[in-house]
Each structure stands twice: as C-alpha cells, then as structure tokens.
Number of protein chains: 2
Amino acid sequence: MDEEKKRKEDCPLCDKIEYSYQLIGKKWIGLIIHTLLDGPKRFSEIHAYIPDLSKRVLNERIKELEDCGIINRNVIPTRPIRTEYSLTIKGTELGKALIPVEQWAKKWL
Amino acid sequence: MDEEKKRKEDCPLCDKIEYSYQLIGKKWIGLIIHTLLDGPKRFSEIHAYIPDLSKRVLNERIKELEDCGIINRNVIPTRPIRTEYSLTIKGTELGKALIPVEQWAKKWL
DNA sequence: GTAAATAGGTTATAAAAAGTAACTAACATC
DNA sequence: GATGTTAGTTACTTTTTATAACCTATTTAC
C-alpha cells in the first residue's frame, strides 16, 4: 500500500507541526499561556490561577517555555524581590492561536 | 491580595476552557486529530502516520476521543473486516480550531 | 495445506512524567 | 525573635507513556 508511505519523510513543515503539538500536548502548557495572555503574572499568581498545578511542575514548565522563547522572566528588584513572567511576541501569538480552541470549548463542551 | 481571588470559582466557562486544554494537553491527541482532519483512516494507517506513537497508547487515545464524541469508529464489514476512524462534526471543528496553531508553528519554529 | 503476512488489537513490564508534601533562603512585619 | 511571604527545591509516590512480545482472525504465497 503506497498511500501508507506518504508520511513524514524529512518534511520540515511536518516536523514543525509535530513539534507544536508536542508543545501544547504537554500538561498545563496551554493553561499557563492562556493565563499569561491577559497580562504578566508572578509565580504565585500563576499558581493561584491554576491551583491544581504543583509548584514543582509550574517551575519546570516555566523553564521549558523560557527555553523555547515563549515567556520572559523579569526579576523586579523590589524588596522582597518579585519575579514576573510575561509572554514574548512569539508566546503572545501562540496564545492568540489557541483562542479558537477556547471558542470550540464554549460551543461544544 | 484580593486580586488573587478572582480565579475560577465555579465559573462554567473557565471549566470548559480548562477541560479543552487538558484534552489537547494529552500527548498525541493533537496529532491524531490533525491526521484525521484530512480524511478517515484505519488503525494501522494512523499508526503509520505517527510511528512514534505506540499501538497501546493509540488505542487508549482512540477510546478517549470516542468517549468524548470527537471521533467515530466505523467497522466496515469487508473481508477482512476493517475499522475506520473519522472525525465527528465536533472533532472536525476542533481540528479546524487547531489550524492557527499549525500556522504559528510554520511562522515561529 | 502449511508458512508467512496483515489488521487490530492486548498484556506485562520498564521508564518517564506528574503529584505531594516538607523544606529552604531571603527578606519583612509584629 | 516568632511569623509570614515569595520563589522556589528536594525527596518520595503515583500515574502516564514507552517497549516489546504476544494473540486471534483472515489472507496471500508457495
């Protein structure tokens, strides 16, 4: 069956699509981005918005999202020091790209 | 800080949004829907398109997606019997809602 | 008609990811 | 100096995923 062979064979576009699904396919990533879409937030604020997400995993997700350029960590030198997280342009655009999924949820769930 | 209290307090819309992110936040869900968006496929075809997804988990994901009304299982009484999976209307709309994420991937990855 | 192949799974076990709760460091207030 | 807050970290448990072998039914190849 030749049709079975038309799969991803070093197709760079397929790789990107697959990567994006692995990204939003990680638990909590979508909700964290959604939360930050309405403005920068501190660690404890994000945690308060998503209480079922543990601090350990929140910290892990934040580092992953920083590493792929989706969020920025801004350390504000007040006393006590506060760290604020905000979406980069790349991250804001991902957040906006997820809005149709939220609209789907409103309609179908 | 009162602002921390403006979180999801029995907000049905937030629940829906959260549920949708938990759904697409499960590994492989997005790619399976993407794969089915271009037409119905058999078990082994989906597996061929996404070879890194094991048959055990593919089977689990298929059952979950069936349970929430996103895909249909059609048993075709040919000899040998073939089972074909297709998106429901709900599933097709979710697939379409994910296209902006793919466009984001094309632009930013 | 026996041997290997295909389709659509299931099972057992191992590895990776996420959850839980207690702890820490740096400062601040009472 | 005891208590609290912020932003984490650590050790340990539970849940998810991965890996690979196996299974049943039917089919094609020899």
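Because only heavy atoms are used, hydrogens play no part in the values below, and waters and symmetry mates are left out as well, while side chains stay in. Sequence lines set the chain letters: A, B, ... in the order given, protein chains first and strands last, and positions in each chain run from 1. The shown structure was predicted, so the numbers you read here are calculated from the model rather than taken from an experiment.
Nearest nucleotide to the side chain of B:E60, out of D:dT17, D:dG8, C:dA18: D:dT17. Of all nucleotides listed (C:dT20, C:dG8, D:dT9), D:dT9 comes nearest to the side chain of A:K63. Comparing D:dT17, C:dA7, D:dA7 by their nearest atom to the side chain of B:R56 picks out D:dT17. Side-chain proximity of A:R42 to D:dG8, D:dT17, D:dA7: nearest is D:dA7. Counting only heavy atoms from C-beta on, B:T83 has its side chain closest to C:dG9 among D:dT9, C:dA18, C:dG9.
Rounding to whole angstrom units, CG of residue A:N59 and P of C:dA17 are separated by 16 Å. Rounded to an integer number of Å, the gap from A:D52 CG to C:dA21 P is 12 Å. Atom pair B:H47:NE2 and D:dT19:P shows a separation of 10 Å (rounding to whole Å applied). When the C1' atom of D:dT16 is taken as reference, atom CG of B:L53 falls 13 Å away, rounded to whole Å. Counting to the nearest Å, the P atom of D:dG8 and the CD atom of A:E66 are 9 Å from each other. Rounded to an integer number of Å, the gap from B:I46 CD1 to C:dG9 P is 10 Å. The OH atom of B:Y85 sits 7 Å away from the P atom of C:dG8 (whole-angstrom rounding). Between the C1' atom of D:dT17 and the CD atom of A:Q22 lies a distance of 12 Å, rounded to the nearest Å.
At a threshold of 4.0 Å, the pair A:E64-A:R61 counts as salt-bridged, since one of the basic side-chain nitrogens sits closer than that to a carboxylate oxygen. Salt bridge absent: B:K106 and B:E102 never bring a charged side-chain N and a carboxylate O closer than 4.0 Å.
Within the 4.0 Å cut-off from OP1 or OP2 of D:dT27, not a single side-chain nitrogen or oxygen of B:R82 is found. For D:dT16, neither phosphate oxygen OP1 nor OP2 lies less than 4.0 angstrom from any side-chain nitrogen or oxygen of B:W28. Applying the 4.0 Å criterion to OP1 and OP2 of D:dT15, one finds that A:K27 has every side-chain N and O outside that range. Taking side-chain N and O atoms only, A:S54 has no distance below 4.0 Å to OP1 or OP2 of C:dT20. In terms of phosphate contacts, A:R61 brings a side-chain nitrogen or oxygen within less than 4.0 Å of OP1 or OP2 of C:dA18.
Within the 3.5 Å criterion, the main-chain N or O of A:Y21 finds no donor-acceptor partner in the side chain of B:W28. In this structure, the side chain of A:T88 engages the main chain of A:I70 through a donor-acceptor pair within 3.5 Å.
A side chain to side chain donor-acceptor pair (under 3.5 Å) with A:Y85 holds for exactly one of A:K41, A:R73, A:E45; it is A:R73. Checking A:N72, A:T92, A:I71 one by one against A:S86, the side chain to side chain contact (heavy atoms under 4.5 Å, CB included) holds for a single residue, A:N72.
From one end of the helix from C:dG1-D:dC30 to C:dC30-D:dG1 to the other, with five pairs defining each end axis, the axis direction shifts by 0° (rounded to 10°).
The same ILVMFWY cluster, assembled from side-chain heavy atoms under 4.5 Å apart, contains both B:Y19 and A:V101. Both A:I99 and A:I29 belong to a common hydrophobic cluster when Ile, Leu, Val, Met, Phe, Trp and Tyr are linked at side-chain heavy-atom distances under 4.5 angstrom.
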